[in-house]
Amino acid sequence: MTLDAAAREETPTPRQAPRLPGGRVPWVGHAAAFGRDPVAFLRRGRGRMGGDFAFTLMGQRVVFLCGRAAHEAVFRADETVLSPREAYRFMTPVFGPGVGYDAEPEEMSRQIGHLLPALTSRSLAGHVRLMEEEAEGYVAGWAERGEADLVEVMNDLTVAITTRCLFGAEFSGRLGPDLPRLYRDLESGIRLAGLVSTRLPLPSFRRRDRARATIGGALARAIEERRRIGRADAGRTGRTAPGLGRCADAEPRDVLAALMAARTPGGAPLPDETIIGLLIGMIFAGQHTSAVLAAWTGVLLLDDQARVTELLREQDEALGEEGPLDVPALRRMERLEWCVREAERLHPPLVILMRKALRDFAYGGRLVPAGALVMVSPAVSHRLPEVFRDPETYDPCRYGPGREEHAHPYALIGFGGGRHRCVGTAFAYQQVKVVWSVLLRRFDLELAEGPHLPDYSTLVPGPRSPCRVRYRRRGLRRAAAGLSEARR
Ligand code: HEM
């Protein structure tokens, strides 16, 4: 026997994933069940087929892969085999032609490289104070006691923080109160129908395009203005917040400044359309996802008041007598970080990640034929019992010393993995931690109702509305001490 023949005998021929029965309507396939609740659909399908499976979505063959080995193979695959660009074509109306996923892979990674100076640990350190100012400024308007909708609160806060830290104060000032709606309209254009065409005459697509034009116009004017002023301090993200003062020299540069300073390989400035597309892409990638993560962190945490007490103690230890909220203090808030991570696990903001197979793709005995859409789902994978012990249970301590169930790089994939892993992970975690540090120290909080289920009518599912919390203001004293006094 030749060596080749021996190898062929040892390596079984890769096989295609079995097709999920049902979805008989030609072309439409399983779109109705998938559209109603994609996570339940994928979980059910996996249970029924005993693992990976294939199904049809609007004329598109889809292969669902699940588990750490599959994630690694998908996230590390060469882009000439598994292409995010082809899978995320429906994002082009948001980013703009030639920007982000619409660019060639090499150009896309160059564009993302231009964003990185604004996301370094030095920039992030400067952002802590801005994030805190926005959070403090927001809750300063709350009454002594009352109710608030957590989803709305987190949306407002992440709009304010993301815009201020990444775009700069003059942009927030320009669109001000319209921003939350504009960001929502932009996101509402991401739906299943986009797999067919992003140009269908749907109201949500029209809203998307209007919002894109309005935000793009405001950014173009902000760019113009900075060029005109040309001041050395243009691009600082500072703004005086009531009662909190300002130290302009410590302000980090925002992304707009970083992009205006960036150069193409030929040494030319980036075209305005590229700058605008990248900025809008960042809002898109980072704002609502962070809002959803922050809302789930709260919903899960407030349902477990013993853990709230634990976190208040940690706040006292981390901050002392109202010490500065800075990177070292945030690092000491380890248990709060576990709570954010557990929210990422149980309710990842992006429930589905995709790649298009440009060529046959084989891994571990499985063959995905060229032309198929490959899906992985953080929401399904994060509840695999072979990866996370008692996966349905809320247990932030699973990330603590000795357990570290997230240690495998492809176990927790809420921020993706491999070559396209999210570049905003640290920004998002920092933002959610700052917001919850402020809320926990300033207020006694409890959920007004429950249970809270995910709203799968959107591809970034937050808790379903209403999602109210009751709050009662605490004085400016140590958090845990405040809690025990309030309960006496
Ligand atoms: C909770 C918040 C966030 C979540 C859950 C999240 C999730 C993700 C995921 C899953 C990916 C990979 C997509 C894929 O492989 O198909 C990704 C990519 C990306 N994210 Fe985030 N993200 C968040 C916040 C942010 C923020 C705040 C920013 C910017 C400041 C950001 C910028 C990006 C960019 C530019 C990419 C593309 C990276 C590449 O393809 O190389 N994200 N994000």
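Whatever order the structure lists ligands and atoms in, that order sets their numbers, starting from 1.
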Positive for side-chain contact (heavy atoms from CB on, under 4.5 Å) with Pro269, one of Met260, Arg263, Arg227: Arg263
Candidate list Trp296, Tyr394, Tyr456, test ring pair (Phe, Tyr, Trp, His ring centres under 6.0 Å), partner His347, passing option: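 Among the candidates, only Trp296 passes.
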With the criterion set at N/O pairs under 3.5 Å, what does the list of contacts between the protein and ligand 1 look like, atom names and distances included?
residue: ligand 1; atom: 15 (O); partner: Arg355; partner atom: NH2; Å: 2.8
residue: ligand 1; atom: 16 (O); partner: Tyr88; partner atom: OH; Å: 2.6
residue: ligand 1; atom: 16 (O); partner: Arg355; partner atom: NH1; Å: 2.9
residue: ligand 1; atom: 40 (O); partner: His420; partner atom: ND1; Å: 2.5
residue: ligand 1; atom: 41 (O); partner: His420; partner atom: ND1; Å: 3.2

Test side-chain hydrogen bond (donor to acceptor under 3.5 Å, both in side chains) applied to Tyr399 and Glu405, Glu404, Glu342, the passing residue: Glu342
Before accepting this row, confirm whether a basic side-chain N of the pair [X]/[Y] lies closer than 4.0 Å to the acidic partner's carboxylate O.
X: Arg226; Y: Asp254; answer: yes
X: Arg442; Y: Glu136; answer: yes
X: Glu225; Y: Arg221; answer: no

